[in-house]
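FYI, side chains are in, hydrogens and waters are out, and symmetry mates aren't considered; it's all heavy atoms of this structure. Keep in mind that this is a model prediction, so the values were computed, not measured. The residues of the chain are indexed from 1 along the displayed sequence.
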Amino acid sequence: MIDAAPSIYLITGIQAAGKSTVGEHLAARFERSAHVRDVFSQMVVSGRVGMEPDAGPEAERQLDLRYRLAAETADTFAREGFVTVVQDNIFGVHLPRFIERISFRPLHVIVLTPRTDVVAAREAARSKAAYRPGSWTIEGLDRLVREETQRIGLWLDNSDHTPDQTVDEILARSGEALV
């Protein structure tokens, strides 16, 4: 276990990129850590509007709320002395906005970018379905990340890595992830 000063690691990427698993494995490496997952949107009991292609203003507002709560939670854990891993699907114009919301430093940003065939295989092996007809496609989200997301932090192709190998690389290259 690593005895480290408080910091924040933001792990992002498309669904089935490995964010949850890598985030959990990364947090487990530290003596004092917290893992902030996307639980905030699930707290909306009535009136929840999910983010879909061509979503309207209410979906954008709820996404913004989710990101704001995640950033505030990460800041709070870090201020209380925890190495904090926050993971969510944050890309496009939302990534720099999310980074601005986090006041605690150091902040490491890791964008997981596995190949689309690997994402498809991972998605097929999961019990939950992130890619449904009429919703996002793997290729569409991958394009959004690669073409419309500012290259901030460490972009890591974890296609051929186990979660622990991915964490090893994140820790070895953490300087590249600093923002």
Side-chain angles (χ1 to χ4, degrees), residues 9-30 33-45 47-56 58-60 62-67 69-70 73-74 84-95 98 108-174 176-177:
Y9 287 82
L10 168 60
I11 301 177
T12 188
I14 67 174
Q15 288 96 325
K19 298 176 304 298
S20 298
T21 304
V22 168
E24 193 64 27
H25 283 243
L26 178 60
R29 296 280 183 101
F30 298 100
S33 64
H35 184 184
V36 179
R37 300 169 176 263
D38 170 30
V39 295
F40 302 107
S41 61
Q42 298 164 10
M43 292 178 183
V44 176
V45 175
R48 179 177 174 191
V49 179
M51 184 52 84
E52 299 289 339
D54 303 317
E58 180 59 18
E60 286 284 343
Q62 288 185 27
L63 180 68
D64 186 66
L65 174 61
R66 170 175 131 191
Y67 290 163
L69 290 168
T73 302
T84 304
V85 178
V86 58
Q87 50 97 173
D88 202 341
N89 307 308
I90 307 168
F91 28 77
V93 297
H94 300 286
L95 182 58
F98 190 91
H108 303 84
V109 175
I110 298 96
V111 181
L112 298 179
T113 59
R115 296 184 314 270
T116 57
D117 64 305
V118 172
V119 172
R122 290 177 183 171
E123 173 72 3
R126 298 182 342 163
S127 60
K128 59 183 178 180
Y131 301 99
R132 300 172 307 279
S135 183
W136 298 106
T137 65
I138 294 170
E139 294 76 14
L141 275 182
D142 184 71
R143 217 173 7 264
L144 176 62
V145 169
R146 294 179 193 275
E147 297 174 10
E148 298 181 36
T149 303
Q150 188 177 346
R151 298 217 36 119
I152 301 170
L154 174 63
W155 286 52
L156 184 58
D157 180 350
N158 60 325
S159 297
D160 301 318
H161 294 88
T162 67
D164 284 322
Q165 290 170 328
T166 303
V167 169
D168 289 342
E169 189 159 354
I170 289 168
L171 293 172
R173 298 175 63 190
S174 64
E176 295 173 57

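- Heavy-atom minimum distance, P114 versus R146: O-NH2, 3.4 Å.
- Under the side chain to side chain contact (heavy atoms under 4.5 Å, CB included) criterion, D64 pairs with R68, R101, sequence neighbours left out.
- Within the 4.5 Å cutoff, no side-chain heavy atoms of V111 are placed close to those of T149.
- Two residues are said to be in side-chain contact when any heavy atoms from C-beta on lie closer than 4.5 Å; Y9 and V22 fail this criterion.
- Contacts of R29 classified as side-chain hydrogen bond (donor to acceptor under 3.5 Å, both in side chains), with partners at least two apart in sequence or in another chain: D168.
- For E60, the salt bridge (charged side-chain N to carboxylate O under 4.0 Å, His left out) criterion is met by no residue, not counting sequence neighbours.
- Checked against side-chain hydrogen bond (donor to acceptor under 3.5 Å, both in side chains), N158 has no partners two or more places apart in sequence or in another chain.
- Applying the salt bridge (charged side-chain N to carboxylate O under 4.0 Å, His left out) test to every pair with at least one member in residues 147-159, sequence neighbours left out, gives no pairs at all.
- Here N89 contributes atom CG and I14 contributes atom CD1; the two are 8.5 Å apart, rounded to the nearest 0.5 Å.
- A donor-acceptor pair is defined here as one N or O able to donate and one able to accept, closer than 3.5 Å; no such pair exists between the side chain of T113 and the backbone of G13.
- Distance OG1/T73 to CZ/F40: 3.5 Å, rounded to 0.5 Å.
- Between Q62 and E58, the side chains place a donor N or O and an acceptor N or O closer than 3.5 Å (distance only, hydrogens not considered).
- Between L95 and Q150 there is no side-chain heavy-atom pair separated by less than 4.5 Å.
- Among residues two or more places apart in sequence or in another chain, the side-chain hydrogen bond (donor to acceptor under 3.5 Å, both in side chains) test is passed with E176 by R173.
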Between D142 and V119, does a side chain to side chain contact (heavy atoms under 4.5 Å, CB included) hold up when you go through it step by step?
-> CA-CA 10 Å; D142 184 71; V119 172; over 6 Å; no

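- Considering all non-hydrogen atoms of both residues, R122 and G18 come closest at NH1-N, 3.9 Å.
- For R115, the salt bridge (charged side-chain N to carboxylate O under 4.0 Å, His left out) partners are D117, D160, not counting sequence neighbours.
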Side chain to side chain contact (heavy atoms under 4.5 Å, CB included) between V145 and W155, intermediate numbers included | CA-CA 10 Å; V145 169; W155 286 52; 3.8 Å; yes

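- Atom OG1 of T166 is separated from atom CG of L26 by 10.5 Å, given to the nearest 0.5 angstrom.
- Distance CD1/I170 to NE2/H108: 10.5 Å, rounded to 0.5 Å.
- Between the OG1 atom of T12 and the CD1 atom of I110 there is a distance of 10.0 Å, given to the nearest 0.5 Å.
- The salt bridge (charged side-chain N to carboxylate O under 4.0 Å, His left out) test applied to R143 returns no partner, not counting sequence neighbours.
- Closest non-hydrogen pair, A28 versus S33, comes out as N-OG, 4.5 Å.
- Scanning for side-chain hydrogen bond (donor to acceptor under 3.5 Å, both in side chains) contacts around S20 gives Q87, with sequence neighbours left out.
- Applying the ring-ring contact (aromatic ring centres under 6.0 Å, His included) test to H94 and every residue at least two apart in sequence or in another chain returns Y67.
- The two atoms that bring I138 and A120 nearest to each other are CD1-CA, 3.6 Å, heavy atoms only.
- Residues passing the side chain to side chain contact (heavy atoms under 4.5 Å, CB included) test with S41, sequence neighbours excluded: D38, R48, R66.
- Taking every heavy atom of both residues into account, G140 and T137 meet most closely at N-OG1, 2.8 Å.
- No option in D88, T84, V85, L10 other than T84 meets the side-chain contact (heavy atoms from CB on, under 4.5 Å) test with V36.
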